[in-house]
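A short write-up of the structure that comes next.
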Amino acid sequence: MNKSYDKNNIFAKILRSEIPCQKVLENDHALAFSDINPQSPIHILIIPKKAYLNFHDFTQNASIKEIELLWKLVSEVIKLKKISKKGFRIISNSGDDGNQDVPHFHVHLLGGKNLGRMMNL
Ligand code: AMP
């Protein structure tokens, strides 16, 4: 990691209940809540409860249980929102090239409409 974790990032504050979120689901190791600026009818963020900077930090340093429960929660949200048949998109922005704004690992789950091509490159 070339950047250290900032304990005052907005998702850390949500996890400490210092600021509110619109919770969707949670389990022992992960929390799902609505994105404040939705890019599609369904736009939910899924984050680990412990401090990880980004996807690489999480997959390198989290326990197998944490990794399992994060992806299980993504799956539970897909089930809750009934989007498994119509489809969805999962994105995780990382670092400068990925344009990650919030430096706490998160998965974007987007759906509820046809999302078009993946990127406008
Ligand atoms: P990223 O660019 O991948 O880091 O995305 C960060 C996401 O966090 C953006 O989609 C924001 O709309 C979202 N966001 C920022 N602050 C909040 C908040 N307080 N509650 C919910 N979502 C937020």
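Predicted model only: the values in this text are computed from it and were never measured. Heavy atoms only: backbone and side chains are in, while hydrogens, waters and symmetry mates are out. Counting starts at 1 for both ligands and their atoms, following the listed order.
Residue Asn8 places its CG atom among more than 12 non-hydrogen atoms of other residues, nucleotides or ligands, all under 6.0 Å distant. Other residues, nucleotides and ligands place more than 12 heavy atoms under 6.0 Å from the CD atom of Glu18.
Considering both main-chain and side-chain atoms, Val102 comes within under 3.5 Å of ligand 1 through a nitrogen or oxygen pair. Of the N or O atoms in Gln100, none lie within a sub-3.5 Å distance of an N or O in ligand 1. Residue-to-ligand polar distances place Asn93 within reach of ligand 1: an N/O pair is separated by less than 3.5 Å. Note: no N/O pair closer than 3.5 Å links Leu45 and ligand 1 by distance alone.
Atom 8 (O) of ligand 1 has its closest protein heavy atom at Phe11 CZ, 3.4 Å.
Hydrophobic clustering keeps Val77 apart from Ile91 (ILVMFWY residues linked when any side-chain heavy atoms are closer than 4.5 Å, directly or through intermediates). Taken together through direct or relayed side-chain contacts under 4.5 Å among Ile, Leu, Val, Met, Phe, Trp and Tyr, Leu45 and Phe105 form parts of separate hydrophobic clusters.
Ring to ring, Phe11 and His106 are close: their centroids are under 6.0 angstrom apart.
Taking a cut-off of under 4.0 Å to the non-hydrogen atoms of His108, the atoms of ligand 1 that pass are 1 (P), 3 (O), 5 (O), 7 (C), 10 (O). For ligand 1, the atoms closer than 4.0 angstrom to any heavy atom of Phe33 are 21 (C).
Using a 4.0 Å cutoff on heavy atoms, His106 counts as a contact of ligand 1. Within the structure, ligand 1 lacks Gln22 among the residues with a heavy atom less than 4.0 angstrom away. In this structure, Ser92 has no heavy atom closer than 4.0 Å to ligand 1.
A pairwise comparison of heavy atoms in Tyr5 and Ala12 identifies OH-CB, 3.5 Å as the closest pair.
Here Lys49 pairs with Glu26 in a salt bridge; the nearest charged N to carboxylate O distance falls below 4.0 Å.
Scanning Leu110, Asn99, Ile36, Ile19 for the heavy atom closest to atom 23 (C) of ligand 1 points to Ile36. Checking Asn37, Ile44, Asp35 against atom 11 (C) of ligand 1, the nearest heavy atom belongs to Asp35.
Using bins of under 30°, 30° to 60° and over 60° for the plane-to-plane angle, the ring pair His108/His43 lands in the tilted bin.
For the pair Glu66 (side chain) and Ser63 (backbone), a donor-acceptor distance under 3.5 Å is present.
Residue contacts with ligand 1, taken as heavy atom pairs separated by less than 4.0 Å, do not involve Phe105 at all. Residue contacts with ligand 1 for Ser34 involve N, CA, C or O but no side-chain atom from C-beta outward (heavy atoms, distance under 4.0 Å).
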